[in-house]
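In what follows, a structure is listed as structure tokens, so that the remarks can point back to it.
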There are 2 protein chains.
Amino acid sequence: MYRIGELAGMCEVKADTLRFYEKHGLLAPSMRTDSGYRMYTEQDANRLRFILRAKEVGFTLSEITELLSIELNKSEWACADVKGMVDDKLAQVEERIAQLNVFKTTLQALSRACCGGPESAEHCSILEALESSLTEVRCEEPGCEHGKQ
Amino acid sequence: MYRIGELAGMCEVKADTLRFYEKHGLLAPSMRTDSGYRMYTEQDANRLRFILRAKEVGFTLSEITELLSIELNKSEWACADVKGMVDDKLAQVEERIAQLNVFKTTLQALSRACCGGPESAEHCSILEALESSLTEVRCEEPGCEHGKQ
DNA sequence: ATAAACCTTGGAGTTTAATCCAAGGTCAAG
DNA sequence: CTTGACCTTGGATTAAACTCCAAGGTTTAT
């Protein structure tokens, strides 16, 4: 059993964050001492770890709430519901990855287009691309001609 | 010359957003009419497009402010500065993609572990995994044994 | 000349995810 | 038995990036 500060320290979050999660229904301590101190079990700690892992990867707290809320009411849900939720999240994650890959490609094109040297950015390909249109970034040859004059 | 609503409509943002950008030093109209209406020139419109394009690539407004300050003063900066910013952003995006891939793998494991049938989620492998530890999700065989009793 | 559509300002509200604060209660050590 | 570290609560504040509102002024079309 951990007090709030212990669990927080263990998981590298602040005690305030745990109170916040409690207020928002993500994680409540399994018990309280007579004097009202929150006491977290190992199971609570595991739940917190799941929350943190999900968060690390870009799930919002309300998405995490949704995912965890089934657990409180297991018997009212069918496996299909649970799996459906996971699959929805999976689709969202894949969508997000796809989106980020688009960003990545654009950024790579921008990066490749620029010599990155100490010369003035007067004719910098990156700035020129942002000035005109991102779709026009084309300068993939290794010998960068940029800054020639 | 465009009035605020025209420029907003043209670029598919709200007039409020343009006022917001002005307040935050990203984009001020080049002039005002006698009666105080904002009037944007084609150059202003280009600057807005620059902002929107940069946003598309995932730059925050404060990063864009920085980019714009380079833009306005190109000769005082080196290509290395500009490329450095893009490469930083690229690293951030790649890091995020890597994280999302970890979560994707976990979600795929959860999904595979569950039969997805109409039976009660009382003994659902997904929920069991969430309750204990995600690292324990191991049930990749096609014949799902889940819900057996 | 009047209604509709547009514009102005300052300021408040929204969302997400905390983070901080004040005033006070609890607990272990010396 | 008092100090210091910890805990309690409710409420205020933060940051980002808008978004909306009220009360009024301007333009334009009929």
Side-chain angles (χ1 to χ4, degrees), chain A residues 1-41 44-45 47-69 89 92 96 99 103, chain B residues 1-41 44-45 47-68 89 92 96 99:
Chain A
M1 298 275 253
Y2 313 106
R3 277 175 312 172
I4 194 169
E6 279 174 328
L7 181 58
M10 239 167 61
C11 291
E12 300 179 283
V13 296
K14 305 237 165 111
D16 272 332
T17 302
L18 298 187
R19 290 189 200 100
F20 175 82
Y21 287 170
E22 183 175 349
K23 194 159 64 189
H24 289 75
L26 279 100
L27 175 70
S30 291
M31 31 179 52
R32 296 278 189 134
T33 63
D34 288 350
S35 54
Y37 281 25
R38 291 164 176 85
M39 295 304 288
Y40 296 88
T41 62
D44 296 334
R47 195 179 162 101
L48 175 58
R49 285 183 204 109
F50 175 80
I51 293 168
L52 296 178
R53 237 175 289 127
K55 218 173 67 64
E56 234 171 72
V57 119
F59 276 100
T60 65
L61 293 190
S62 76
E63 284 169 339
I64 297 170
T65 301
E66 207 184 332
L67 208 53
L68 289 174
S69 70
K89 295 305 169 214
Q92 280 173 30
R96 229 162 183 161
Q99 235 178 38
F103 290 169
Chain B
M1 298 274 253
Y2 314 106
R3 276 177 312 174
I4 194 168
E6 280 173 327
L7 180 58
M10 241 167 60
C11 291
E12 299 180 284
V13 296
K14 305 236 164 112
D16 271 332
T17 302
L18 298 187
R19 290 189 201 100
F20 176 82
Y21 286 169
E22 183 175 348
K23 197 160 60 186
H24 288 75
L26 280 100
L27 176 69
S30 291
M31 30 179 54
R32 296 278 188 134
T33 64
D34 288 351
S35 54
Y37 282 24
R38 290 166 177 84
M39 294 305 286
Y40 296 88
T41 63
D44 296 335
R47 192 178 164 103
L48 175 58
R49 286 183 204 111
F50 181 102
I51 293 167
L52 297 178
R53 256 179 252 127
K55 230 167 66 66
E56 239 172 71
V57 186
F59 284 98
T60 65
L61 293 190
S62 75
E63 286 166 339
I64 294 171
T65 301
E66 210 181 329
L67 277 176
L68 284 169
K89 205 62 196 174
Q92 280 171 32
R96 193 135 181 92
Q99 279 179 343

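Heavy-atom basis, side chains included; hydrogens, waters and symmetry copies ignored. Within every chain, numbering begins at 1; the chains are lettered A, B, ... in the order of the sequence lines, protein sequences first and strands thereafter.
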**Q.** d(NZ, A:K23; C1', C:dT19) in whole Å
**A.** 10 Å
Q) Quick one: do A:R47 and A:E22 make a salt bridge, cutoff under 4.0 Å? A) no
Q) Can you tell which of D:dG25, C:dT19, D:dT19 lies closest to the side chain of B:K14? A) D:dT19
Q: With heavy atoms under 4.0 Å as the rule, sort B:T60 into base, sugar-phosphate or nothing.
A: sugar-phosphate
Q | Shortest side-chain distance from A:R32, nucleotide among C:dC7, D:dT8, C:dT19 | A | D:dT8
Q. How close or far is atom P of D:dT26 from atom CZ of B:R38, stated in whole angstroms?
A. 15 Å
Q) Between the main-chain N or O of B:T33 and the side-chain N or O of B:R38, is there a donor-acceptor pair closer than 3.5 Å? A) no
Q. Checking all strands, does B:K55 fall into the base, sugar-phosphate, or nothing category for heavy-atom contacts under 4.0 angstrom?
A. sugar-phosphate
**Q.** A:L52 CG - C:dA17 C1' separation (whole Å)
**A.** 13 Å
Q. Which nucleotide in the set C:dA18, D:dC18, D:dC7 lies at the smallest distance from any side-chain heavy atom of B:Y21?
A. D:dC18
Q: With heavy atoms under 4.0 Å as the rule, sort B:R19 into base, sugar-phosphate or nothing.
A: base
Q: Please report, rounded to the nearest Å, how far the C1' atom of C:dT9 is from the CD atom of B:E22.
A: 12 Å
Q. Can you tell me if CD on B:Q92 sees more than 12 non-hydrogen neighbours from other groups inside 6.0 Å?
A. yes
Q: Take A:Y40 and A:I4 through the test side-chain contact (heavy atoms from CB on, under 4.5 Å) and record every step on the way to the result.
A: CA-CA 7 Å; A:Y40 296 88; A:I4 194 169; 3.8 Å; yes
Q: Provide, to the nearest angstrom, the distance between the CD atom belonging to A:E12 and the P atom belonging to C:dA17.
A: 20 Å
**Q.** Euclidean distance, atom CG of residue A:L26 to atom P of C:dA17 [Å, nearest integer]
**A.** 9 Å
Q.
Which nucleotide wins on minimum distance to the side chain of A:F20, given the candidates C:dT19, C:dC27, D:dT26?
A. C:dT19
Q.
Strictly below 4.0 Å: does B:T33 bring a side-chain N or O up to OP1 or OP2 of C:dC7?
A. no
Q: Nearest whole angstrom, please: distance from the P of D:dT8 to the CE of A:M39.
A: 10 Å
Q: Would you tell me if any nitrogen or oxygen in the side chain of A:R3 comes within less than 4.0 Å of OP1 or OP2 on D:dC6?
A: no
Q: Name the residue closer to the 5' end of DNA chain C, choosing between B:D16 and B:E6 according to the nucleotide with the nearest heavy atom.
A: B:E6
Q. Rounding to a whole Å, what distance do you find between B:I4:CD1 and D:dC18:C1'?
A. 14 Å
Q) Think A:S35 has a side-chain N or O under 4.0 angstrom from the OP1 or OP2 of D:dC7? A) no
Q) From C:dT19, C:dA17, C:dC27, pick the nucleotide closest to the side chain of A:L61? A) C:dA17
Q. Between OG1 of A:T65 and CG of A:L26, what distance do you get to the nearest 0.5 Å?
A. 3.5 Å
